[in-house]
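Have a look at the structure below, then the notes.
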Amino acid sequence: MLARAARGTGALVLRGFVQASGRAPRRASSGLPRNTVVLFVPQQEAWVVERMGRFHRILEPGLNILIPVLDRIRYVQSLKEIVINVPEQSAVTLDNVTLQIDGVLYLRIMDPYKASYGVEDPEYAVTQLAQTTMRSELGKLSLDKVFRERESLNASIVDAINQAADYWGIRCLRYEIKDIHVPPRVKESMQMQVEAERRKRATVLESEGTRESAINVAEGKKQAQILASEAEKAEQINQAAGEASAVLAKAKAKAEAIRIMAAALTQHNGDAAASLTVAEQYVSAFSKLAKDSNTVLLPSNPGDVTSMVAQAMGVYGALTKAQMPRAQNSVSSGSSRDVKGTNANLDEEIDRVKLS
């Protein structure tokens, strides 16, 4: 019993030393824990036990009891997340550009039984699968898409690894590309392409600015012309309204003057006043002859003012005699339209006399 305990203690010390040094060969029989009947399994570890060379069970963390000789610890699997550095490798893109690319793989053992009996070295198998999958996925993309679609490329590699690693009891959590090395000539071409693209954008932006400026100027001119036409329209309307108001005011003033003149002519010495008015207008018109143009129409005796006044008064007398019965009828009937018509006719005759 003491010898067995001593062997168990020695095995525990050896296992602790191997774990502390970090150099525990996972599948070397010399590095595996010995069956000491009573075993303490650490947290986040799975110990695979074989009984008489056949799989028996997986020890859970904590206290476990085994049968000596019959039971043997065959594999020790870590259930923690494992980080594997994928070595740098060359890959050819869709447009025949050779790249040097490496990455980091994060995985975890989900089924210790499959990880122990499904593959000899699961980490090595996953690393090789990641490299081949990376080359296959890069061959489907061009060089420009490799830099733009790194996330989709990582997701594609993870999906491809999980499909194959499911039989090994391993699940790939994520894959990250660390560095992508491009050949020097390709890098120079990419730099020239970037500069050309920037010049193109600058030219496009400048042309768009010129176009926007021209559009704004045209819109401004259009609005200015519209406003100017509206202002001219309003001015013409106001001018027409003013002229109409002036004509109406002149017509009313003339009608009032005719009424006053008609009333004055009916009074005492009205004929003398009319003769005086005609003479004054004749003298005023005669003084303005040949001032506006060289063509002048003169009567046969322009110096005889008396005959002209007499002629004008004769016309006035004839019109007065013709309009007297009509005026009397209009006064007796109380109609104002005939008086206005008579006054208008009288005014037309006086104007005709002035022109003659």
Side-chain angles (χ1 to χ4, degrees), residues 22-23 25-27 77-112 114-212:
R23 294 182 288 104
R26 298 179 55 191
R27 290 167 180 77
Q77 304 290 354
S78 176
L79 303 181
K80 300 177 182 179
E81 185 174 349
I82 303 172
V83 181
I84 301 176
N85 185 21
V86 179
E88 187 178 35
Q89 60 178 336
S90 61
V92 181
T93 61
L94 184 63
D95 48 358
N96 296 325
V97 177
T98 304
L99 301 177
Q100 298 293 328
I101 186 169
D102 57 356
V104 180
L105 187 64
Y106 299 85
L107 54 88
R108 176 178 293 175
I109 295 177
M110 307 301 295
D111 190 346
K114 291 182 179 180
S116 300
Y117 297 101
V119 63
E120 180 64 26
D121 192 346
E123 295 181 5
Y124 178 76
V126 170
T127 302
Q128 295 299 316
L129 180 60
Q131 290 181 340
T132 55
T133 305
M134 184 189 302
R135 285 194 293 267
S136 176
E137 293 296 331
L138 285 176
K140 300 177 183 179
L141 301 176
S142 61
L143 180 61
D144 296 334
K145 291 185 178 181
V146 170
F147 294 99
R148 290 199 304 263
E149 301 181 3
R150 294 182 65 169
E151 295 183 359
S152 61
L153 181 61
N154 294 336
S156 300
I157 294 175
V158 170
D159 293 338
I161 293 175
N162 286 330
Q163 291 178 3
D166 184 53
Y167 299 97
W168 304 337
I170 299 174
R171 180 172 182 80
C172 180
L173 302 179
R174 57 189 178 277
Y175 180 86
E176 298 292 339
I177 297 176
K178 290 198 302 183
D179 294 322
I180 299 177
H181 300 284
V182 183
R185 293 185 178 179
V186 177
K187 187 179 294 185
E188 293 177 0
S189 301
M190 293 174 62
Q191 187 66 27
M192 294 174 61
Q193 181 180 0
V194 170
E195 293 178 357
E197 185 69 23
R198 289 179 179 175
R199 288 195 298 269
K200 174 184 175 183
R201 292 179 181 177
T203 304
V204 171
L205 291 177
E206 184 177 359
S207 63
E208 290 181 354
T210 304
R211 186 189 67 174
E212 293 293 334

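It should be emphasised that the depicted structure is a prediction, and the values quoted were computed from it without experimental measurement.
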To the closest 0.5 Å, what do you measure between [atom1] ([X]) and [atom2] ([Y])?
| X | Y | atom1 | atom2 | answer |
| --- | --- | --- | --- | --- |
| Cys172 | Leu129 | SG | CG | 9.0 Å |
| Leu99 | Ile177 | CG | CD1 | 10.0 Å |
| Asn154 | Glu176 | CG | CD | 5.0 Å |
| Leu153 | Arg148 | CG | CZ | 13.5 Å |
| Trp168 | Asp121 | CH2 | CG | 10.5 Å |

Looking at residues at least two apart in the chain, or sitting in another chain, which of them share a salt bridge (Lys or Arg N to Asp or Glu O under 4.0 Å) with Arg150? none
Just to verify, what does Glu195 make a salt bridge (Lys or Arg N to Asp or Glu O under 4.0 Å) with, not counting sequence neighbours?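 Checked Glu195 against salt bridge (Lys or Arg N to Asp or Glu O under 4.0 Å); zero matches.
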When you check the gap from the basic side-chain N to the acidic O, do Arg211 and Glu208 get nearer than 4.0 Å?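 Looking at Glu208 together with Arg211, the answer is no, because their closest N to O distance does not fall below 4.0 Å.
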Whether the side chain of [X] engages the backbone of [Y] through a donor-acceptor N/O pair (distance < 3.5 Å, no angle test) should be reported.
| X | Y | result |
| --- | --- | --- |
| Asn162 | Val158 | yes |
| Gln131 | Gln89 | no |
| Ser136 | Thr132 | no |

So [Y] and [X], do their side chains get closer than 4.5 Å, heavy atoms only?
| X | Y | result |
| --- | --- | --- |
| Asp179 | Ile101 | no |
| Ser156 | Thr133 | no |
| Lys178 | Val104 | yes |
| Leu107 | Ile82 | yes |

Pick from Asn85, Ile157, Ile161: which one makes a side-chain contact (heavy atoms from CB on, under 4.5 Å) with Leu105?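 When Asn85, Ile157, Ile161 are each tested with Leu105, the side-chain contact (heavy atoms from CB on, under 4.5 Å) holds only for Ile161.
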For [X] against [Y], the heavy-atom pair lying closest together:
| X | Y | value |
| --- | --- | --- |
| Ser78 | Ile109 | O-CD1, 3.7 Å |
| Glu88 | Asp102 | CA-CB, 3.6 Å |
| Pro122 | Ile170 | CB-CD1, 3.0 Å |

Give a yes or no on whether [X] atom [atom1] has more than 12 heavy-atom contacts from other residues, nucleotides or ligands under 6.0 Å away.
| X | atom1 | result |
| --- | --- | --- |
| Lys114 | NZ | yes |
| Glu206 | CD | no |
| Arg171 | CZ | no |
| Glu151 | CD | no |

Between Glu188 and Arg185, is the salt bridge (charged side-chain N to carboxylate O under 4.0 Å, His left out) condition met? List the steps. CA-CA 5 Å; Glu188 293 177 0; Arg185 293 185 178 179; over 6 Å; no
Could you give all pairs that pass the side chain to side chain donor-acceptor pair (under 3.5 Å) test and reach residues 90-100, with sequence neighbours left out?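 Qualifying pairs, neighbours excluded: Thr93-Asp95.
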